[in-house]
> 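Here it is, the structure in full.
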Amino acid sequence: MAVESMSGRETGTTLVKRGLAEMLKSGVIMDVVTPEQAKIAEDAGAVAVMALERVPADIRSDGGVARMSDPEMITGIQEAVTIPVMAKARIGHFVEAQILEALDVDYIDESEVLTPADEAHHIDKWAFTVPFVCGATSLGEALRRISEGACMIRSKGEAGTGNIVEAVRHLRSIIGDVRRVTQADSAELFEWAKQLQAPLPLVREVAETGWLPVPLFCAGGISTPADAGLVMQLGAEAVFVGSGIFKSSDPAPRAKAIVEAATNYRDGHILAKVSRGLGEPMPGLEIDGLDTRLADRGW
Amino acid sequence: MKVGILALQGAFGLHERVLSRLGVAPVQVRTPDELAEVDRLVIPGGESTAISKLLDANGLADPLDDRLADGLPVLGTCAGMILLAHKVVDGYPGQRCFGAIDVAVIRNGYGRQSDSFSAPIAIDGWDSAFPGVFIRAPVVESAGADVEVLAKLDGVPVLCRQGSVSVSSFHPELADDDRVHRWFVEQE
């Protein structure tokens, strides 16, 4: 005989917000610009889609100010799929975030891919029911974002380049420093907090648990199943693919292959099988030749 | 007893942590060979569409169907509940559901992330409430006569069992409370 609970429901708690990030682990979150692309992503096994007007490669080549997407476009994508829908707000643009929350998106990405709205402050993310993901290039940056209320961190990489080298640099920096912090004694943690410019309680939490207080995903430059396998083996817990799918010659099979790679990331035979015959990946860019480094945005 | 956790996508790492704390030494299951070796299985929360496709991609769908038919004890949480259900109302076309327990579920029935919530759950015969965490959770629309409903929230079943199959629409792996896992591994 079931016991009846009457709801004392609490929404927007830290556990509930971080909980959705836990459910996305070992999955692939794909950038999409139309409902049709969102369907392709869902059919391929994406765990979520990021609704935006232009993928990072186009933002990079078009130039100008990149802003939050048109609500109509976001709503169209929400109607097209049953998986979570994320959307991007500019760094510090808390009103764009308020609009995205009103649209009932499942996660907000306070993203360096868009043009920053504030050169000193990020959004106070504790003020929202909807959870936020933020980019980071280092452990200090990750912990600052978590102190502001981010419930998921993604290493930034360099979006829109199809070049994995920056993602690898950022992941190695974050995870390497996590390892070093766990080796520090209690007195050294004060110095770590100062060096990282991060709150001491969060530095202590990393030292005690050996990991960030929220999931660490990877973004920026993933364009092949091998790239997904690489960042997962380095310690990323899931991947974001921006331009890498829909700027390739044949998006649907590539999307499916990257999904299978994120799950079977240690199995060379499966990675070999899913990497076959995918057509041309997105065109790549050398980091040294870039006019704008998106990863430098954020403070 | 060897407890496996389906580790294709989702919160399998959290289940692993809770079970390890109970001294169970769980193993991750991604292949048919790994599935063949376990005596019990946890199907975690995650995205049921993605897990469903990965079951096919990794050749696990038919072997899992066979093991379930043979009475493999299994605990499905959230997405795991959807996969084990008899029917998914408004489901994704072609979505796997193994029909291991006679419940019909509505995917994301509790709504989007803004409606995700935590709430204390009173469970039949347990001395205190369990901290339930519901993330874009499925709603049990109906449960068959052979299904034992162990807990309800606002009149809707949230923890059910039929034979060796147990399902919850909430995430015990997110709670700082190992009683649901203990209950599962101690079942006959």
Side-chain angles (χ1 to χ4, degrees), chain A residues 1-28 42-48 78 81-86 101-108 128-131 215 237-238 256-257 259-260 262-267 270 273-274, chain B residues 7-14 30-31 44-47 49-54 57-58 78-79 90-92 94 107-108 111-126 129 131-136 148-155 157-160 171 173-176:
Chain A
M1 183 54 207
V3 185
E4 300 262 346
S5 303
M6 292 313 280
S7 58
R9 296 188 191 189
E10 274 191 285
T11 57
T13 62
T14 301
L15 186 58
V16 164
K17 288 155 77 171
R18 291 180 183 176
L20 179 56
E22 295 288 343
M23 299 310 139
L24 302 176
K25 281 185 177 175
S26 284
V28 182
E42 182 175 51
D43 287 343
V47 291
Q78 285 172 317
V81 294
T82 62
I83 55 178
V85 175
M86 305 185 178
E101 181 168 64
L103 293 172
D104 224 358
V105 302
D106 295 292
Y107 241 93
I108 295 177
F128 291 79
T129 299
V130 61
E237 297 177 290
K256 183 168 184 290
V259 166
E260 290 180 37
T263 290
N264 301 292
Y265 62 95
R266 288 190 192 282
D267 189 324
I270 293 181
K273 189 181 82 181
V274 304
Chain B
L8 297 173
Q9 192 276 314
F12 54 85
L14 291 179
R30 289 190 183 80
T31 65
E47 273 306 311
T49 52
I51 297 173
S52 166
K53 284 165 198 303
L54 287 161
N58 279 26
C78 196
D90 297 332
Y92 178 84
R107 199 167 150 239
N108 303 336
R112 291 185 185 278
Q113 175 62 15
S114 59
D115 301 310
S116 293
F117 63 95
S118 53
I121 305 295
I123 298 174
D124 190 24
W126 296 24
V133 185
F134 295 75
I135 309 282
R136 291 172 48 96
E148 186 186 357
V149 176
L150 293 134
K152 285 184 175 182
L153 180 67
D154 296 335
V158 293
L159 178 66
C160 304
H171 291 283
E173 72 277 20
L174 277 173
D176 192 19

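Because only heavy atoms are used, hydrogens play no part in the values below, and waters and symmetry mates are left out as well, while side chains stay in.
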> Could you check Thr11(A) against Asp115(B) for side chain to side chain contact (heavy atoms under 4.5 Å, CB included), going step by step and ending with a plain yes or no?
CA-CA 6 Å; Thr11(A) 57; Asp115(B) 301 310; 5.8 Å; no

> Taking every non-hydrogen pair under 4.5 Å, which of Ile83(A), Val130(A), Thr129(A) racks up the most with chain B?
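Going by pairs under 4.5 Å, I would pick Ile83(A).
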
> Gly8(A) and Pro120(B): which non-hydrogen atoms are nearest, and at how many Å?
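Closest approach of Gly8(A) to Pro120(B), heavy atoms only: O-CD, 3.9 Å.
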
> Would you mind checking which part of Glu42(A) comes under 4.5 Å of any heavy atom in chain B, side chain (CB onward), backbone (N, CA, C, O), both or neither?
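For Glu42(A), backbone and side chain are both near chain B.
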
> Are Gln113(B) and Pro131(A) side-chain neighbours, meaning at least one heavy-atom pair lies under 4.5 Å?
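Touching, per the 4.5 Å side-chain cut-off.
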
> How many angstroms lie between CZ in Arg30(B) and OG in Ser26(A), if you round to the nearest 0.5 Å?
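Reported value, rounded in 0.5 Å steps: 6.5 Å.
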
> Do side-chain atoms of Gln9(B) reach the backbone of Met23(A) as a donor and acceptor pair under 3.5 angstrom?
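Yes.
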
> Is it the side chain or the backbone of Glu101(A) that comes within 4.5 Å of chain B heavy atoms, both, or neither?
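Neither part; nothing is under 4.5 Å.
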
> So which atom in Ala50(B) and which in Val47(A) form the shortest heavy-atom distance, rounded to 0.1 Å?
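Closest heavy-atom pair between Ala50(B) and Val47(A): CB-CG1, 3.9 Å.
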
> Would a distance-only check, ignoring hydrogens and angles, find a side-chain to backbone donor-acceptor pair under 3.5 Å from Thr263(A) to Leu8(B)?
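Answer holds: yes.
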
> Between Asp104(A) and Arg112(B), is there a donor-acceptor pair closer than 3.5 Å when you use the side chain of the first and the backbone of the second?
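No.
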
> Mind checking what makes ring pair (Phe, Tyr, Trp, His ring centres under 6.0 Å) contact with Tyr265(A), not counting sequence neighbours?
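Counting only residues at least two positions away or on another chain, Tyr265(A) forms no ring pair (Phe, Tyr, Trp, His ring centres under 6.0 Å).
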
> Considering all heavy atoms of both residues, which atom of Asn264(A) and which atom of Asn58(B) are nearest to each other, and what is their separation?
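Asn264(A) and Asn58(B) have their closest heavy atoms at OD1-ND2, 2.8 Å.
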
> To check you understand the geometry: which heavy-atom pair defines the closest contact between Leu174(B) and Glu22(A), and what is its length?
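Shortest heavy-atom contact: CD2-CG, 4.0 Å.
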
> What are the two closest heavy atoms between Thr49(B) and Thr82(A), and how far apart are they?
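Taking Thr49(B) first and Thr82(A) second, the nearest heavy atoms are CG2-OG1, 4.3 Å.
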
> Contact part of Asp267(A) toward chain B, heavy-atom cut-off under 4.5 Å: side chain, backbone, both or neither?
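Looking at Asp267(A), nothing touches chain B.
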
> Would you check if there is a donor-acceptor pair between the side chains of Arg9(A) and Ser118(B) at a distance under 3.5 Å?
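The criterion, which ignores hydrogens and geometry beyond distance, is not satisfied for Arg9(A) and Ser118(B).
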
> Kindly give the heavy-atom pair with the smallest separation between Phe117(B) and Val16(A), and that separation in Å.
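Shortest heavy-atom contact: C-CG2, 3.6 Å.
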
> Roughly how far, to the nearest 0.5 Å, is the NZ atom of Lys256(A) from the CG atom of Leu54(B)?
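Taking CG in Leu54(B) and NZ in Lys256(A), the distance rounds to 8.5 Å.
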
> As an exercise, state the distance from OG of Ser116(B) to CG of Leu15(A), rounded to the nearest 0.5 Å.
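Ser116(B) OG to Leu15(A) CG: 11.0 Å, rounded to 0.5 Å.
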
> Counting only N and O atoms by type, is there a donor-acceptor contact under 3.5 Å from the side chain of Lys53(B) to the main-chain atoms of Ala44(A)?
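Checked: no pair found.
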
